[in-house]
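I have placed the structure first, in the form of structure tokens, so that the comments after it can refer back to it.
Just so you know, these numbers come straight off a predicted model, no measurement behind them.
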Amino acid sequence: MKNFKLGLMSPFCRSVITILLLLISSTNALTKRSRYLDLANQFLAPQNAARSAVGRQPLIWDPRLARYAEWYANQRRYDCALKHSNGAYGENIFWGSGDDWTPAQAVTAWISERNWYSYWSNSCAEGQECGHYTQIVWGSTRRLGCARVTCFGGRGVFMTCNYDPPGNYIGERPY
């Protein structure tokens, strides 16, 4: 087998190889960016639909919050525990057994808490949770960043979304 040396090739061949390498590299970058945007949209679209239903402005995806969410989700990758990060942001967390859970399914679970929220009493039905829903529709919240990880050892899927500014202040209505 001959040794391959770039220096012995014609300038034309070097140019063709360089172009091919650039195309492969940019296609890979675009594919990664496309997957990232698709994941972001899976988290963002249903939350913005819930906000629109109560007359709130749409949230925008914030890469800084997404990095924070990813950092925290990776901490939970070892145990998949439903523990909050206790950071500076509002936060919704989700866990599901198995590894097929999608961001849209997690968000749907949070939004379904709307059934238990009473705007008039600004409270949840007795024995029910609705704080995930109220965080999603919190009027002053503008930015969102989320992450999804598959936990080690078949422990399931952990997802988290972080909201800035945070919401769920006691005594205040979400909208």
*List the steps and the verdict of side chain to side chain donor-acceptor pair (under 3.5 Å) for T102 and Q42.*
CA-CA 8 Å; T102 66; Q42 286 182 52; 4.8 Å; no

Does a side-chain heavy-atom distance below 4.5 Å link E172 with W138? yes

Check your understanding: Under 4.5 Å between any side-chain heavy atoms of T108 and Q105, yes or no?
Key -> no

inquiry  = When you compare the side chain of F158 with that of K83, does any pair of heavy atoms fall below 4.5 Å?
reply    = no

- Evaluate the side-chain proximity of R114 to V54: yes if any heavy-atom separation is below 4.5 Å, no if none is. yes

dist D62:CG -> R142:CZ (nearest 0.5 Å) comes out at 13.5 Å

### Message
Any non-hydrogen side-chain atom of F43 less than 4.5 Å from a side-chain atom of W61?
### Response
yes

Worksheet item: Quick one: are R76 and W95 in side-chain contact, heavy atoms under 4.5 Å?
Response: no

Fill in: P165 side chain reached by R143 side chain, heavy atoms, under 4.5 Å
yes

For Y119 and Y175, take the angle between the two ring planes, folded into 0 to 90°, and tell me which bin it lands in: parallel under 30, tilted 30 to 60, perpendicular over 60.
parallel

- [ ] Report yes if the side chains of Y117 and N122 come closer than 4.5 Å at any heavy-atom pair, otherwise no.
- [x] yes

Quiz item: Ignoring hydrogens and geometry, is there a side-chain-to-backbone donor-acceptor pair from E113 to H132 under 3.5 Å?
Solution: yes

Kindly work out whether a path of hydrophobic side-chain contacts (I/L/V/M/F/W/Y, heavy atoms less than 4.5 Å apart) joins M159 to Y163.
yes

